[in-house]
Amino acid sequence: MMKLKMLGVMGLVALLGACESTTETAQTGGGNVVTGPRPGSQEDLIASAGSDRVFFDFDQSSIRGDQRPTLEKQAGWMQRNAAVTVQVEGHADERGTREYNLALGQRRANAARDVLVASGVAGARISTISYGKDRPAALGSNEEAWAQNRRAVTVVR
Amino acid sequence: MSPMDLPLLSRRAALFGGTALALPPLTLLPLGKLARAQSSVVDITRARTDPIPIALPDFAGAGDAGRYGRDIMRVIANNLRNSGLFRPVERAAYIQSAEAAAQTPRFQDWRVIGAQALVTGRVQDQGGQLRVEFRLWDVLPEAQLEGTLLSAATANWRRIGHLISDVIYERLLGEKGYFDTRVVYVSETGPRDRRVRRLAIMDQDGENHRFLTDGTFQVLTPRFHPNAQQIAFMSYFRNEPRVYLFNLESGRQEVLGNFRGMTLSPRFSPDGRSVILSSTRGGDANLYVVDLASRRERQLTSGGGLDVSPCYSPDGQQIVFNSDRGGDQQLYVMDAGGGNVRRISFGSGRYATPVWSPRGDLIAFTRFGRGGFAIGVMRPDGSGERILSEGWQMEGPTFAPNGRVMMYYRESPARDSRGNGYSARIASIDIAGFNERQVVTPTDATDPAWSPLLA
């Protein structure tokens, strides 16, 4: 149950495909028992790589040393789930102008994609998109929220 | 309301074509009184002028025509007051009746209540068609400055008010007005992580508000074509962020160009024949110009860096844009062909969203840094920087067609982690840095773009 709760928090991300259940259940005498995320799902990616996202410093698009292992684990998961394709979404915090942040988000998505490719994932399996500052994950107007919003999110398609 | 329900601009133009006639002066006035009273022309390039006291009695008219007369005058009074350059005289002080003034102004009655200018007129309702005659008077020399007859379908009564406002503005200030214009912007509703964004259009004074898109896909950064019948904007249709064209007459939308990456920050060239935009490839964003007839694209900038927010000078010879090629966001100017790039912003902080004034003499921008955000102007060579307004967050200036007023949008921060307290609203300001006011919109509003004069 602990594991599920944690997934719920991570699930703050507006997951594009989140409307359908991605958790496999098995019928037992007592009712539904969770056996783990469905292989190849967003939840499976998060459980396997620790996170579906990496974070950036202000106005930066280089992958921080502390974020790189997350992407490498995501790449490993993609190699184990060869049928999966993903879209990397690049985002910026609200402290900037809209058009520049669209381009910055694209550059961040690209930087994350480059690490996935360098870790052995075929480029054709990864598309990118930028939402700039216009789809924040955290809704506050403070440094804590901004740090969560400067991100690239790997989304299973 | 669907885009198809929009009144056609070309049809409007036809309605007005040839119907704004110069009125013969009233026969009871000696011809000598028609001398143009240059004393009333105020130099509006001065930093700040005392607003001109102006008397605005309702246009006379019987029955329905009288109601239109009152409503049209309300539009005019609102326009003039909001410009910050006119002060409508308190109506309770009027001595002469509107009806009598429409016959023959008794100038001493208007002089003693402090009016420097007087507007009179009469409305006739000719079965679905309004016929409005209006006269502008200079009270001290007792001279008619302007006499105009306008006719239009009753549904267009607001435009009559805007056209008359522009005549008054131009005649008294010596410079074209900006009232017969519209503003397209992005209407925003819902929580910020699931924001619904729709293109919306309204008259410059906030009236005749309509939505152009229904919110099923995100839209950003609309800009007017120089003939005001077409809009370029960015859309996330099919989850592919691209620049689109939107035809206001037909409601038709089409993607512009054949770019593999995202396209963003479109702006029409001053001759309306091409669109300049930014396109991303790899980690870079470069500027391209797309010819609208051939749809051929030509790359203008290259190399590392994010080049966005391009805008032509009004003569089409130069382009100002935003780039982080030097390390952080600054403003650069280059020749229209892409050569001779030079940086023009050197103040403290980052600079963004440059727009060239229709007069050509100024570039407006967003500046931001530790101290917050600001909207300012500088000369095209980067000198003479002036900050007009500051705030927690604001961006995206757009000029009125006469270059005298700007709109932009201003945001307020969230108070808590759920985003409560956040808002985004359009504001307008005189480029001399006074008369900042909020533009009333039914929802949160961002990315305003001011149209050219419609007539």
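Numbered from 1 within each chain, the chains take letters A, B, ... in sequence-line order.
In this structure, the side chains of B:L220 and B:T446 stay at 4.5 Å or more apart for every pair of heavy atoms. Two residues are said to be in side-chain contact when any heavy atoms from C-beta on lie closer than 4.5 Å; B:V355 and B:R267 meet this criterion. Side-chain contact check for B:R425 versus B:T441: some heavy-atom pair is nearer than 4.5 Å. Between B:T213 and B:Q253 there is a side-chain heavy-atom pair separated by less than 4.5 Å.
Note on B:S309, B:S278, B:A285: by heavy-atom pairs under 4.5 Å with chain A, the leading option is B:S309. With respect to chain B, the highest number of heavy-atom pairs below 4.5 Å among A:A138, A:A145, A:S130 belongs to A:S130. No other option in B:P413, B:G419, B:G282, B:A352 has as many heavy-atom pairs under 4.5 Å with chain A as B:G282. Between chain A and the residues B:M234, B:R197, B:E188, the largest count of heavy-atom pairs under 4.5 Å involves B:R197. Heavy-atom pairs under 4.5 Å with chain A peak, among B:D447, B:N420, B:D307, at B:D447. The choice from A:Q106, A:R95, A:R98 that makes the most heavy-atom pairs within less than 4.5 Å of chain B is A:R98. For chain A, the option among B:L306, B:V308, B:D284 with the highest count of heavy-atom pairs below 4.5 Å is B:L306. Heavy-atom pairs under 4.5 Å with chain B peak, among A:G96, A:A109, A:S61, A:G132, at A:G96.
Contacts of A:E144 with chain B are absent, with no heavy-atom separation under 4.5 Å from either backbone or side chain. Of the atoms belonging to A:D134, heavy atoms from both backbone and side chain fall under 4.5 Å from chain B. Proximity to chain A is limited to the side chain of B:N322, based on heavy atoms less than 4.5 angstrom apart. Residue contact with chain B, scored on non-hydrogen atoms closer than 4.5 Å, is absent for A:S127. Using a 4.5 Å cut-off between heavy atoms, B:Y409 touches chain A through its side chain atoms alone. Both the backbone and the side chain of A:L102 come within less than 4.5 Å of a heavy atom in chain B. Contacts of B:T280 with chain A are made by side-chain atoms alone, with heavy-atom separations under 4.5 Å and no backbone atom involved.
For the side-chain contact (heavy atoms from CB on, under 4.5 Å) criterion with B:R367, the lone passing option out of B:R350, B:E395, B:E385 is B:E385. Remark: of the listed residues B:R192, B:R410, B:R195, B:R195 is the sole one forming a salt bridge (charged side-chain N to carboxylate O under 4.0 Å, His left out) with B:D444.
Checked against ring pair (Phe, Tyr, Trp, His ring centres under 6.0 Å), B:F399 has no partners two or more places apart in sequence or in another chain.
Under the 6.0 Å distance and 45° angle rule, A:R64 does not count as a cation-pi partner of A:F56. Note that B:R198 lies in the cation-pi zone of B:F211, set by a 6.0 Å cut-off to the ring centre and a 45° limit from the axis.
Ring centroid separation for the pair A:Y131 and B:Y236 comes in under the 6.0 Å cut-off.
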